[in-house]
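Data block below; observations after.
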Amino acid sequence: MEIESKKILSVMENKETKNIMGIPFTSGKVLGKDVVIAVCGIGKVFAAMCATVMINEYKPCRIVNCGVGGALVEGMEIGDALIATGAVQHDMDTSALGDPKGLISGINVVTLPCVCPELEGVTKIDAEGDTVKVMKGIVASGDRFVSLRGEKEMIAKEFGASVCEMEGASIAQVCYVAGVPCTILRTVSDTLEGGDVDFERFKEYAANISNAVLKIMIENN
């Protein structure tokens, strides 16, 4: 989100921005490390396009995708953080041809790999004074907003996923094909039952979590 990028940009030094395919990519130094940041936009196509440009233009050692997502399972609360152990595309379906649902044609993979060694074993982090629960699980991506409990439960059962959203797995697919490690972070914006949230206030909270995780990753990379 824009608010997430602004927090990182506020501490970036030696900034340089390039506009490529309508997306501003800003590079510079954060905590002494080379970092590039971009807001990819909503949906799998924009996300994949942004990741492809990022890899081709900047040759990163890892791509990190931050954002929000909805819980698919019990026990996840609004404001929890999830670090992906893998990513699936729940709307990829060639099962009529005998394939497993979610199989990505051409690479024959259902669950795409994600990594985050810096948070291995971490169950809580401090984000601007808030203690945030950190969980691990599979992220399910698709080009539609999933809000009904029954549909959430179906995705969780089919893919073993904990959170659904609209971008992560497409970025993970680009990274998989390009041989670039991928990290996905999601802050839970709604529970399995749904739930009302003041999203303008929540965006600030989610951005603080992203910023705290990224700081840990950059410091330990």
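Only heavy atoms go into these numbers, but all of them, side chains included; no hydrogens, no water, no symmetry mates. On a predicted model such as this, the values are computed, not experimentally measured, just so you know.
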Is there a salt bridge (charged side-chain N to carboxylate O under 4.0 Å, His left out) between Lys101 and Glu158 once you walk through the steps?
CA-CA 8 Å; Lys101 191 171 181 184; Glu158 286 180 334; 3.4 Å; yes
Determine, step by step, whether Cys50 and Ile23 satisfy the side chain to side chain contact (heavy atoms under 4.5 Å, CB included) criterion, reporting the C-alpha distance in whole Å, the side-chain angles of both residues, the deciding distance to 0.1 Å, and the verdict.
CA-CA 7 Å; Cys50 184; Ile23 303 172; 3.9 Å; yes
Step-by-step side chain to side chain contact (heavy atoms under 4.5 Å, CB included) determination, Cys182 to Val115:
CA-CA 6 Å; Cys182 175; Val115 298; over 6 Å; no
Can you list the steps and then say if Ile138 with Val88 is a side chain to side chain contact (heavy atoms under 4.5 Å, CB included)?
CA-CA 7 Å; Ile138 292 173; Val88 300; 4.1 Å; yes
Let me see the working for Glu204 and Lys7 under salt bridge (charged side-chain N to carboxylate O under 4.0 Å, His left out), right down to the final yes or no.
CA-CA 10 Å; Glu204 179 77 26; Lys7 284 185 175 290; 3.0 Å; yes
Given the rule in the salt bridge (charged side-chain N to carboxylate O under 4.0 Å, His left out) test, do Asp34 and Lys29 qualify, once you have shown the distances and angles that lead to the verdict?
CA-CA 5 Å; Asp34 292 321; Lys29 295 279 188 181; 2.9 Å; yes
Could you check Glu153 against Lys157 for salt bridge (charged side-chain N to carboxylate O under 4.0 Å, His left out), going step by step and ending with a plain yes or no?
CA-CA 6 Å; Glu153 290 177 330; Lys157 182 178 180 180; over 6 Å; no
Begin from the C-alpha positions of Glu4 and Ser210 and carry the test side-chain hydrogen bond (donor to acceptor under 3.5 Å, both in side chains) through to its verdict.
CA-CA 7 Å; Glu4 291 171 309; Ser210 296; 2.6 Å; yes
Derivation of the side chain to side chain contact (heavy atoms under 4.5 Å, CB included) call for Ile37 and Leu9
CA-CA 8 Å; Ile37 186 162; Leu9 290 171; 3.5 Å; yes
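Note that the CZ atom of Phe25 and the CE atom of Met54 stand 5.5 Å from one another [nearest 0.5 Å]. Taking CG from Leu72 and CD from Glu151, the interatomic distance works out to 9.5 Å, rounded to the nearest 0.5 Å.
Heavy-atom neighbours of Lys136 NZ from other residues, nucleotides or ligands within 6.0 Å: above the threshold of 12. The number of heavy atoms from other shown groups lying within 6.0 Å of NZ (Lys59) is above 12. Crowding of Lys33 atom NZ: a count of heavy atoms from other residues, nucleotides or ligands under 6.0 Å exceeding 12. Sparse packing is recorded around CD1 of Ile42, with 12 or fewer heavy atoms of other residues, nucleotides or ligands lying under 6.0 Å away. At most 12 non-hydrogen atoms from other residues, nucleotides or ligands lie less than 6.0 angstrom from NZ of Lys6. Shown here is Tyr58, whose OH atom has more than 12 heavy atoms of other residues, nucleotides or ligands within 6.0 Å.
Judged purely by distance below 3.5 Å, without hydrogens or angles, the side chains of Ser141 and Glu165 pair a donor atom with an acceptor atom.
Proximity of Val68 to Phe202: side-chain heavy atoms (C-beta onward) are separated by under 4.5 Å at one or more points. The shortest side-chain heavy-atom distance between His90 and Val146 falls under the 4.5 Å cut-off. Ile209 is listed as a side-chain neighbour of Thr187, based on a closest heavy-atom distance under 4.5 Å. Here the side chains of Ile171 and Ile63 are in contact, with some heavy-atom distance below 4.5 Å. Contact of the Thr183 side chain with the Leu119 side chain is not registered, since no non-hydrogen atoms from C-beta on lie closer than 4.5 Å. Side chains of Met76 and Leu192 form no contact here, defined as non-hydrogen atoms less than 4.5 Å apart. Put simply, the side chain of Val109 does not reach to within 4.5 Å of the side chain of Leu103, judged on heavy atoms. Between Phe159 and Val110, the closest side-chain pair of non-hydrogen atoms falls below 4.5 Å.
When every heavy atom of Leu112 is checked against every heavy atom of Ala169, the shortest pair comes out as CD1-O, 3.4 Å. Nearest heavy-atom pair across Asp143 and Gly43 is OD1-CA, 3.5 Å. Closest approach of Gly86 to Thr111, counting heavy atoms only: CA-CG2, 4.0 Å. The minimum heavy-atom distance between Val132 and Tyr205, with the atom names listed, is CG2-OH, 3.6 Å.
Ion pair Asp190/Lys152 flagged as a salt bridge, since at least one NZ, NE, NH1 or NH2 atom sits closer than 4.0 Å to an Asp/Glu carboxylate oxygen.
The main-chain N or O of Ile216 is found under 3.5 Å from a side-chain atom of Asn220 such that the two form a donor-acceptor pair. Side chain of Asp80 to backbone of Glu77: a donor-acceptor contact under 3.5 angstrom is found. The main-chain N or O of Ser95 is found under 3.5 Å from a side-chain atom of Asp93 such that the two form a donor-acceptor pair.
Just one residue in the list Gln89, Gln173, Glu167 forms a side chain to side chain donor-acceptor pair (under 3.5 Å) with Lys44, and that residue is Gln89.
A single hydrophobic cluster is seen to contain both Val134 and Val64, as judged by linkage of ILVMFWY side chains at heavy-atom distances under 4.5 Å, directly or through other members.
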